Amino acid sequence: MFDKEELNRIIKERERWEKTTLPKWVSRRPERKSEFKNLSEIPIKRVYTPEDIKDMDYTRDLGFPGEYPFTRGLHATMYRGRLWTMRQFSGYGTAEQTNQRFKYLLKEGETGLSIAFDYPTIRGYDSDHPTAKGEVGVCGVAVSSLKDMEVLFDGIPLDKVTTSMTINGPAAMLLAMYIAVGDKQGVPREKLGGTTQNDMLKEFFAQKLIIFPPKPSVKLVTDIIEYCAKNLPKWNPISISGYHIREAGANAVQELAFTLYDGITYVESCLERGMKVDEFAPRLSFFFSAHNDFFEEIAKFRAARRLWAKIMRERFHAKNPRSWWMRMHVQTAGFTLTAQQPLNNIIRVTIQALAAVLGGTQSLHTNSFDEALALPSEQAVRIALRTQQIIAHESGIANTIDPLGGSYYVEALTNEMEEKAMDYIQKLDDMGGAIPAIEKGFFQKEIADSAYKYQKEIDEKERIIVGVNEYKIEEKYPIEILRIDPKVEEEQVARLQKLRRERDNRKVKEALEKLHYEAEKDVNLMPTIIEAVKSYATLGEICDVLRDVYGEYRELIVI
Amino acid sequence: MHGERKIRVLIAKPGLDSHDRGAKIVARALRDAGMEVIYTGLRQTPEQIVETALQEDVDVIGLSILSGAHNTLFPRIMELLKQKGLTDVLVVAGGIIPDEDVPELEKLGIKGFFGPGTPTDKIVQFIFENAPKRS
Amino acid sequence: MSEIEEIVQGVLAGDRRSIAKAITVIENNPEKARRIIASIYPHTGKAHVIGVTGPGGSGKSTLIEKIIREYRRRGKTVGVVAVDPTSPFTGGAFLGDRIRMQELSVDEGVFIRSMATRNYLGGIARATKDAVKVLDASGRDVVIVETVGAGQSEVEIIKVAQTIVVVFAPGLGDEIQAIKAGVMEIGDIFVVNKADRENVDKSVMDIRAMLQLSNKEQAWTPPVLKTIALTGDGVAKLIEKIEEHRRFLEREAGREKAREKAETELVEAIKEKVASLMIEELEKEGEFESYLQKILRREIDPMSAAEKILKKKLGGC
């Protein structure tokens, strides 16, 4: 980006500065540490200059917003055209309560609904399963059958909303229920809009909400992508997620590399099915974390966009520019929230949200400051949303595109993160792909080591966390704790048992037998699953059939 | 020439949540402090936890939970421990447990509570000081 | 009743808490352990002891879970001793093998115990043997010993078993190469797990080829089986083979092998007993230290020192 002569002049000047000005200051005011590093262990230099990005080519590496390689942003107008989507994820209680809240949100002008499911649902168990005791409706809504989904969307026309479902293992079943509700409402399937998270690979080494073994899990993910490509053109079948990888302890480079590698694996699986890359790639979307190290995070988002564009174009030969797009949703890092002096979390969330916006995200969730203590209170949820609104409307950041583009530091860091991520991708290719790496415990070990290191640094005060290992106070922070009424479980179980009595059990049996038969063959299971949910077979029953065929999987534990 | 008595610890995760980052870090820290650590893996029922503690004859049980179901699960675990005669086992808890729930849980016999932000050496030290002395 | 008597009575009655305590004693107190073993010894020798070993990633633990389930279906009670290495740096250990068997922990007919290799007096192999005896005396029909990998000490541990099952997975070719020296000779049954993967037949062939290389004239030809532990495929067949091997031992080589085992145990016990007696006495007289110093100064080599000591001690008797 600089001509040779100018660069030489800069280098000479730097050498002079290091000999004259710098030593005087270092002797008078020694630096705080002998080495400065970011969270990915990348050493951070004292100062960055054109020398650090001397091999960079503006048009090749940065280009313009809306054009390959999208380093500066996916859209030509970015936030000058439309602000990012402020999508706050939440949910608890019964289907009725959630339905009420949805209706309230719709009245307030929101059109994007977001569903969190409770743990039994996420694990593919009905609300009356023995392990569900005490967990029904606690961290999300319980959906055990089409009946619950009907209640959830009662009076809400599915062609007027988009729905994001945070669901992985049983994604096929819950999407099937959503489609069934749409069918009952008479909404054409091509009008259904929304997202299923549907990213199983990261479950095996990060979030660990697993039902089936890796291979059939990826098969089900692929079934959904294929089915949506043919029938639900407005649906985002998958949100390839680095967020949970980060929360489990990975550093920024690992988050970036492992997420993209999961993406590569899904693309390969679709190609093996015989799909054409441009048929499905435009609908792939991503989900990242925004952590504490401000510039590192910004560089991560920029590097992710550029690297994905290259992978899609060069590795998979996608022709449609939309296939090169990495559309991303970002959530501020829940792990960074402290239980100590919880109001400080508002500041942390603000910094993280700023990084996400400066990194060019399409959509953002900001955490509530009290989430390290309990389910968030109403006031905390509101502040979290207001944080985004203040950034959007008051800070002026949204007025220009990629304002940090061209910063010597940010560009050098973007390059470095991309290179390090590519090293991991190479390593994973050499291992034979994501599934062998999972079975060897490679991801698990990498993540466990980073998590342990991070904690040790805090223990040894190499890393200061304000209010936790420094600047501590004696405090009792009064919080209102949201308790889930045990009635939620009783009512849910009662409804489920009533359903089991009243449905046509012969039809259910037939549907489940058909599913069993189909699952043993190598066919797309979505149509059969839709039939099964329409017969009111429960989530647990459907998953049991597949557990029987595929086996149940326990995660490999690497400490 | 006799090896000194090793402290055996069971790190258990009751409840359906899958946040095991903390549990694993603690397991590793205890191992690095010279203890023998048995980790149950995720989503253990109270019955499984207590039966494992019995078979492994552990000195300490560390319970980690973030799903909010501690008020349902912990009393059951403590009850089962009593039933099986494992009354001298030190039970400590970590995860997200609101302060106001602590007194009730203490009454059940749970001795240490280590919420988010606890340095691992504090947990190690607590266990060294409070693990039952057995011959 | 003394504490020891109470434990012994409990073990013989199959009481789970007593079994657990007995193994803890074995781990921590050789003197008391000896008394326990002496009391329960007449009640041992009934269980069939199965050793399962193989490289990490072969799906061993999952396979063991399925083996236990199959035995339970057949009405047998099962004990498991899972051995994991102690870290030489910290002295701590991570005992993770039971994770995959956790659902079975609430089954009254199953008892699972994890042991760390530690730095045992008499070695982990001895401690494992004793733990197996406790489970045997408690009335378990089958006792499974699990070790990871197949280094020298794992081979020593697993030798406690009557039937040794060695587990591989396809694509672990290098690992097979690396460990064949240790386990190919001791394996009675070989299993290629994860048989739904590619290259499974190649692995089976590789193992057969290696077995032929180490070919001795044998009355028992080790079979090579395929399993998919995740779904349980092939496990019933594996149990059949284990049972077949058990009958083979009873029929033919059993008595000889039992004699061999008893002999080894006796020899080892004498070695250990004599050594600790000698050392204890030498230490009392301060001679141990003086020999040590001489060896350090290279005035004498350890073997000659031992000879000298023996001559002096035994001569003086």
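In the text below, chain A, chain B and the rest are named by the order of the sequence lines, each starting its count at 1. Only a predicted model underlies this, so the values are computations on that prediction, with no experimental measurement involved.
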Residues forming a side-chain hydrogen bond (donor to acceptor under 3.5 Å, both in side chains) with B/Arg8, sequence neighbours excluded
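Here the qualifying residues are B/Glu36, B/Glu56, C/Glu27.
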For C/Glu6, check salt bridge (Lys or Arg N to Asp or Glu O under 4.0 Å) against everything at least two apart and list the hits.
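Checked C/Glu6 against salt bridge (Lys or Arg N to Asp or Glu O under 4.0 Å); zero matches.
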Sub-4.5 Å side-chain heavy-atom contact between C/Ile228 and C/Lys194
no
Between [X] and chain B, with a heavy-atom cut-off of 4.5 Å, which part of the residue counts as in contact: side chain, backbone, both or neither?
{"X": "C/Ser114", "answer": "both"}
{"X": "C/Ile112", "answer": "both"}
{"X": "C/Val110", "answer": "backbone"}

Pairs of heavy atoms under 4.5 Å with chain C: top-ranked of B/Gly41, B/Ala33, B/Gly34:
B/Gly34
So which residue, B/Thr52, B/Ile38, B/Asp32, ends up with the most heavy-atom pairs under 4.5 Å with chain C?
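That would be B/Thr52.
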Can you confirm whether more than 12 heavy atoms, excluding those of B/Glu104, are under 6.0 Å from its CD atom?
no
B/Asp101 and B/His70: side-chain donor and acceptor closer than 3.5 Å?
yes
If we define contacts as heavy-atom pairs under 4.5 Å, which of C/Lys21, C/Glu103, C/Arg98, C/Arg16 has the most with chain B?
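Heavy-atom pairs under 4.5 Å are most numerous for C/Arg98.
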